Amino acid sequence: MAKLWAARFGKETDSTVNDFNSSISFDSRLYKEDITGSMAHAAMLGKQGIIENGETEKIIEGLKGILSDLESGKLQFSEEYEDVHMNIEQILTERIGDAGKRLHTARSRNDQVALDLRLYVKKEILAIKALVLEFMEALCASAEENLETVMPGYTHLQRAQPVTFGHYMMAYANMMKRDVVRLENCLEGMDDMPLGSGALASTTYPIDRDFVRQQLGFSRVTDNSLDGVSDRDYCIELTSALSILMMHISRLSEEIIAWCSWEFKFVELDDAFSTGSSIMPQKKNPDVCELIRGKTGRVYGDLMTLLTMLKGIPLAYNKDLQEDKEAVFDAIDTAKQCLKVLTPMFSTMEILKDNMKKAALKGFINATDCADYLTKKGMPFRDAYRTVGQLVAQCVKEDKSLADLTLEEYKEYSEHFDADIYRAIDLGTCVAGRCVTGGPAPSEVERQIGVIRRFLEQRK
Ligand code: ARG
């Protein structure tokens, strides 16, 4: 099949170049956006008298037919045509004749692909956001059920101070909230319609860019044609937002992997969301979490691909830009796939409250509270800190916890100790007392849940 540009060329394209240059294998997924963009463009050409109204109608009808045949599977793209744009234009011309050849008036594939990808990314941002919001609901539900589920909080992976599982989950909800805001900012920042930029220098036809913008639901039109065809900032912003999002769910995955181990046993994954071993009959593995952790690397890779691909490109369009699509698609697909499995896995996970409590009772996570007790009785904090250090050292030597010491033993270290020390170092007291904004006290975590729920509500 002769190329569109055969008139200018003395030879056929080498087959290695054909394969190398072709993007249809991956840009075919832009068919809907391509057709939607072409319909708006054709309507504008007709309205402006650049083509005849009858031709506009033919083009739009033809494009509708192509869309429905593609969706029903009746029509397949051909490898013979380089990309989704050329495939659709070719099929249209085969179906409606000369009117099809007029569609590309006042347009270039450069502004066409810039438009298609923007439309696609806008749609996918909303889909990803919906998945994140769903996961945030699950985090709130779990937090609500675990307001009183005491567990050790860690620093350096050493037991540090008591928190609750609800408090812990709301930390992740806050991370996801920022992810949602990042996605929304990306959407707002990329809402410029590039069609009309032409190949790079716009066009001499009397087009109406604002009409096309309205038809396609953009807030603004791009303000410079060179930038309009070569800007891929929004791809970088999206993959960057997705990298951070993946980093967040990777951290949670890492926690769940640890919590599933016999060493922790804080949670148990539902059988439907675990996998076994081909050799070790006892195994129940958190493969889903490991894959989320692993796939985070892919998304970082996609971000790096885009940053590196773009850094040396002079204005305006260069074919390097065709490499944007696989990276963007992979990041979107990966994030969606991970979120789709994460939410049900998380929601069906059993929380082993007793084991969390047992771990919380060991490891002296109430030592700070013991020091605070002395401080409140008048001892300077640094002295209290040293005194409790000595108490802990004795407990370690005797394999005891702070609650096991008798009042006499306490009094050997300080006269400030009284019978109320036991209440002061009770884990329930330690958690309930941390009721400042951000703290793990059940009433405070309830407030935190309220904040996130209102955030979710505003987005329904
Ligand atoms: N398939 C191309 C891409 O994705 C479409 C634009 C081609 N433009 C060009 N001047 N060769 O970038």
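Atoms within each ligand, like the ligands themselves, are counted from 1 in listed order. Note that the structure is predicted; figures quoted are calculated from it, not measured. Quick note: numbers below take in every heavy atom, side chains included, and nothing from hydrogens, waters or symmetry partners.
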Undergrad: Pairs under 3.5 Å, N/O atoms on ligand 1 and on the protein: can you put them in a table with the distances?
TA:
unit_1: ligand 1; atom_1: 1 (N); unit_2: S23; atom_2: OG; d: 3.3
unit_1: ligand 1; atom_1: 1 (N); unit_2: D83; atom_2: OD2; d: 3.0
unit_1: ligand 1; atom_1: 1 (N); unit_2: Q322; atom_2: OE1; d: 2.7
unit_1: ligand 1; atom_1: 4 (O); unit_2: K325; atom_2: NZ; d: 2.7
unit_1: ligand 1; atom_1: 8 (N); unit_2: N110; atom_2: OD1; d: 2.9
unit_1: ligand 1; atom_1: 10 (N); unit_2: N110; atom_2: OD1; d: 3.1
unit_1: ligand 1; atom_1: 11 (N); unit_2: R109; atom_2: NH2; d: 3.3
unit_1: ligand 1; atom_1: 12 (O); unit_2: Y317; atom_2: OH; d: 2.3

Undergrad: Hydrogens and angles aside, do T275 and D287 bring a side-chain donor and acceptor to less than 3.5 Å of each other?
TA: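 The answer is yes; a qualifying pair exists.
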Undergrad: Report yes or no: is the cationic atom of R118 (NZ for Lys, CZ for Arg) under 6.0 Å from the centre of the six-membered ring of F218, at an angle within 45° of the ring normal?
TA: no
Undergrad: Taking the six-membered ring of F455 (Phe, Tyr or Trp), confirm whether the NZ or CZ of R459 is under 6.0 Å from its centre and within 45° of its axis.
TA: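 Judged by the rule (NZ or CZ under 6.0 Å from the ring centre, within 45° of its axis), R459 counts as positioned above F455.
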Undergrad: Check the orientation of Y168 and F165. Use parallel for under 30°, tilted for 30 to 60°, and perpendicular for over 60°.
TA: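 Plane angle under 30°, so parallel.
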Undergrad: Can the positive tip of K47 be found less than 6.0 Å from the middle of the six-membered ring of F211, inside 45° of the ring normal?
TA: yes
Undergrad: Could you go through the side chain to side chain contact (heavy atoms under 4.5 Å, CB included) check for I88 and Y31 one step at a time?
TA: CA-CA 8 Å; I88 291 175; Y31 72 91; 4.2 Å; yes
